[in-house]
Number of protein chains: 2
Amino acid sequence: MEKEVTIYDIAKILEISPATVSRALNDHPAINSKTKVLISAKAMEMGYRSNTFASNLRRRSTNTLGVIVPRLNSHFMSAVLAGMEQEANESGYNLLISQSLESAKKEISNAKTMFNSRVDGLMASVAYDTETFEHFENFIKKGVPVLFFDRIIDHPKCSGVAIDNVLAGYEVTSHLISQGCRRIMHVTGNLKRNVYSGRLKGFQNAVLEHGLKLDDDLVVVTDLSQEAGKFVAQRISEMEFQPDGIFISNDLCAVTCMKALKEKGYLIPDDIAVVGFNNDPVSQVIEPNLTTVYYPGQQMGEVAVRSLINHLKGTQPIDVSETIILRSELIIRGSSTKMAVSY
Amino acid sequence: MEKEVTIYDIAKILEISPATVSRALNDHPAINSKTKVLISAKAMEMGYRSNTFASNLRRRSTNTLGVIVPRLNSHFMSAVLAGMEQEANESGYNLLISQSLESAKKEISNAKTMFNSRVDGLMASVAYDTETFEHFENFIKKGVPVLFFDRIIDHPKCSGVAIDNVLAGYEVTSHLISQGCRRIMHVTGNLKRNVYSGRLKGFQNAVLEHGLKLDDDLVVVTDLSQEAGKFVAQRISEMEFQPDGIFISNDLCAVTCMKALKEKGYLIPDDIAVVGFNNDPVSQVIEPNLTTVYYPGQQMGEVAVRSLINHLKGTQPIDVSETIILRSELIIRGSSTKMAVSY
DNA sequence: ATTTGCATTGCAACCGATTGCATTAAATTT
DNA sequence: AAATTTAATGCAATCGGTTGCAATGCAAAT
């Protein structure tokens, strides 16, 4: 273990005060530019590196943003994280990432860790079964901005970045109806989460608006896992009045369901049209290709970080929360395009 | 912004010294157990939270592990990260994650950030075009352990976690040969990276061992992107002596290639058998399902963290580097199973 | 020549927890 | 009862930057 070079070492060698060294290295305006050059050259030469802790301790900020996501290993989330990382990195912030594994308990524990690590800001996409808000309240009390993304919680003091899930759900459903579907099933996740309740809402709006009937049997709440996809296919095959269209709130689940339906002999889209959500790579591999909703994960991550940093820098007042709605896009592919549409 | 509670506040109220408070909270053996109870109760009551920076500054350690990956948004990487996060979390460590986007330059800059953040240990999977080792050298000089995973660099002072790529490449190729393939193409990535050079080596070994001919035309170095998949399909269709099997070192690329080949009228596996690598979800969606090599991302992440922490805790001496080889598994599916094998 | 103003730099007190060493009180031994 | 351990706590220095305020020097203004 080598000894670290400190600003005191530099100061001693150059016979100036540590304060000047500190200011010079931080490009403080009161320092003569020649002195700055001299100091930074020496610092470089001596292999100096700033001690973040000493700095953080004194400045009371960490230059670190916390992120809590349900799962790291989903196509969408990794896109979000990639965007966050890129944007944070460009602004000189670090990212502290943890996953709740869809458990409220772990989310609370993660939040506590982030809190103790004194992150400057927190970004979270909440777990399936999160009910309370208490673990975020601490941050707000201390003036640490909290921003939700994708799975957001509506709170007057928290910003949010999401898509218009109601609209997306509405568009998907309208599309299915325009393709001739009259009995559409909707497979969704925990309705506590805005993403799922919103899409359901959009689904219901579209169904009603087109004069179709809402049928409780046609709304299936699952965990949207691949197993759930198989389960849904099985359930459909056992139904008396089978649906002619399905809207599944997750591509991986939708694809598994399609595979199972195909195995049971259903023709897609003729017997049953299918639409997913997320534009996961698998949607372009399944035959026929899966109609889905694209929404920009990478961009969502970038926007979230940018918004949070604006708050931190005071560009945006901290007590003004904003909700940013990103555009989503229905991508129509073979799984929902009935060739002969008869009205 | 509320005022933070410090050990001094607790000390003042209880009329004891801050030193005792500090020791009590850290469960120091020299402190009376009744005093401990008293102090921690008071700390809890006052909403005390330890200031990590003050502590880090004094203790000269951060409880943080750095991770540098080529890309966050790949199925494999997110599995690795999920594993790392879980294991680190359980051991009380935080994760600082950044991506190089396959650029050596960004990797170097990321390494510098990690270095300045004084991570206790570093885990890295190197970028496509990384040539130098210098940016890791700094860590080693300071006694910070560096561990490579998946895309590893062989260095006497660094540990590594990976699979046996030579063996995996050998198994894939032998399998294709056993299915009757006699002219096998291998599509791979930058050969500077062990994962690709290893698999190529295994490929070559298998080809030679079975008395087949090595043909330079049949080894294609690409970036393994989806575009590369299309490109390969095009190239095959233009070849005079076309291959009857392809081994592509990445599932997403392989799947795109398969799709393109199917569009061109090739029958898979009968005209051309295809094998990928990684067991990405798409491999089970493409028709026919893609034969591939599974290797445990989540587990790789867990093992990496555990190994690093063992080094840190001194369980494992820091100057003893180890290379852990995880088992990979060939998963045979339809894309490479020629029904009638004729010898 | 004296005053005023500005540009630089230094002093010294923080930030909050940790820890070697000293101290005190209580328990044990002789 | 005196001497010696042992247990428990306190003192004060330390980790390395940061920053309000004071001090210095020199040029411009009066």
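Heavy atoms only: backbone and side chains are in, while hydrogens, waters and symmetry mates are out. Per chain, numbering begins at 1; letters A, B, ... match sequence-line order. All of these numbers come straight from a predicted model, not from anything done at the bench.
Taking atom CD of A:E4 as the reference point, atom P of D:dT14 lies 19 Å away to the nearest angstrom. Across the protein-nucleic acid pair, B:N56 atom CG and D:dT14 atom C1' stand 15 Å apart, rounded to whole Å. We find that CD1 of B:I39 is positioned 8 Å from P of D:dG10, with the value rounded to whole Å. Between the CZ atom of B:R59 and the P atom of D:dA13 there is a distance of 23 Å, rounded to whole Å. Atom CD1 of A:I10 and atom C1' of C:dT9 are 17 Å apart (whole Å). Residue B:L25 contributes atom CG, which lies 8 Å from atom P of C:dT18 at whole-angstrom precision. The NE2-P distance, from A:H28 to C:dA7, rounds to 13 Å in whole Å. Residue B:K12 contributes atom NZ, which lies 16 Å from atom C1' of C:dA17 at whole-angstrom precision.
Dashed line: the shortest gap from a side-chain N or O of A:R60 to OP1 or OP2 of C:dG16 is under 4.0 Å. For A:S17 and C:dC11, the shortest distance from a side-chain N or O to OP1 or OP2 is not below 4.0 Å. Applying the 4.0 Å criterion to OP1 and OP2 of C:dA17, one finds that B:S22 has every side-chain N and O outside that range. Close to D:dG17, at under 4.0 Å from its OP1 or OP2, lies a side-chain N or O of A:Y48.
Taken to the nearest 0.5 Å, the CG atom of B:L308 stands 8.0 Å off from the NE2 atom of B:H311.
Here C:dG16 is the nucleotide among C:dT8, C:dG16, D:dT19 with the atom lying nearest to any side-chain atom of B:L57. The side chain of A:N26 lies closest to D:dT18 when the candidates are D:dT18, C:dA17, D:dT9. For A:A54, taking side-chain heavy atoms from C-beta onward, the closest of the listed nucleotides D:dT19, D:dC15, D:dG16 is D:dG16. Of the listed nucleotides (D:dT9, D:dG16, C:dG10), D:dG16 has the atom at the smallest distance from the side chain of A:N51.
Nucleic acid contact for B:R118: none, since no nucleic acid atom lies under 4.0 Å from a heavy atom of the residue. Within the 4.0 angstrom heavy-atom criterion, base atoms lie near A:R23. Here B:I16 lies in heavy-atom contact (under 4.0 Å) with sugar-phosphate atoms only.
A salt bridge does not link A:E107 with A:R151: none of the charged nitrogens is closer than 4.0 Å to a carboxylate oxygen. Using a 4.0 Å cut-off between charged side-chain N and carboxylate O, B:R306 and B:E302 make a salt bridge.
There is a side-chain donor-acceptor pair under 3.5 Å between B:Y295 and B:D150. For B:D120 and B:T62, the side-chain atoms include at least one donor-acceptor pair closer than 3.5 Å.
Residues B:F53 and A:N32 each lie close to DNA chain C; by heavy-atom proximity, the contact nearer the 5' end of the strand is made by A:N32. The residue among B:T35 and A:S50 whose nearest nucleotide of DNA chain D lies closer to the 5′ end is B:T35. Residue order along DNA chain D, read from the 5' end via each residue's closest nucleotide, puts B:P18 first among A:Y8 and B:P18. Nucleotides of DNA chain C nearest to A:V21 and B:S55 differ in position, and the one nearer the 5' end is that of A:V21.
Ring planes of B:F148 and B:F133: tilted class, angle from 30 to 60°.
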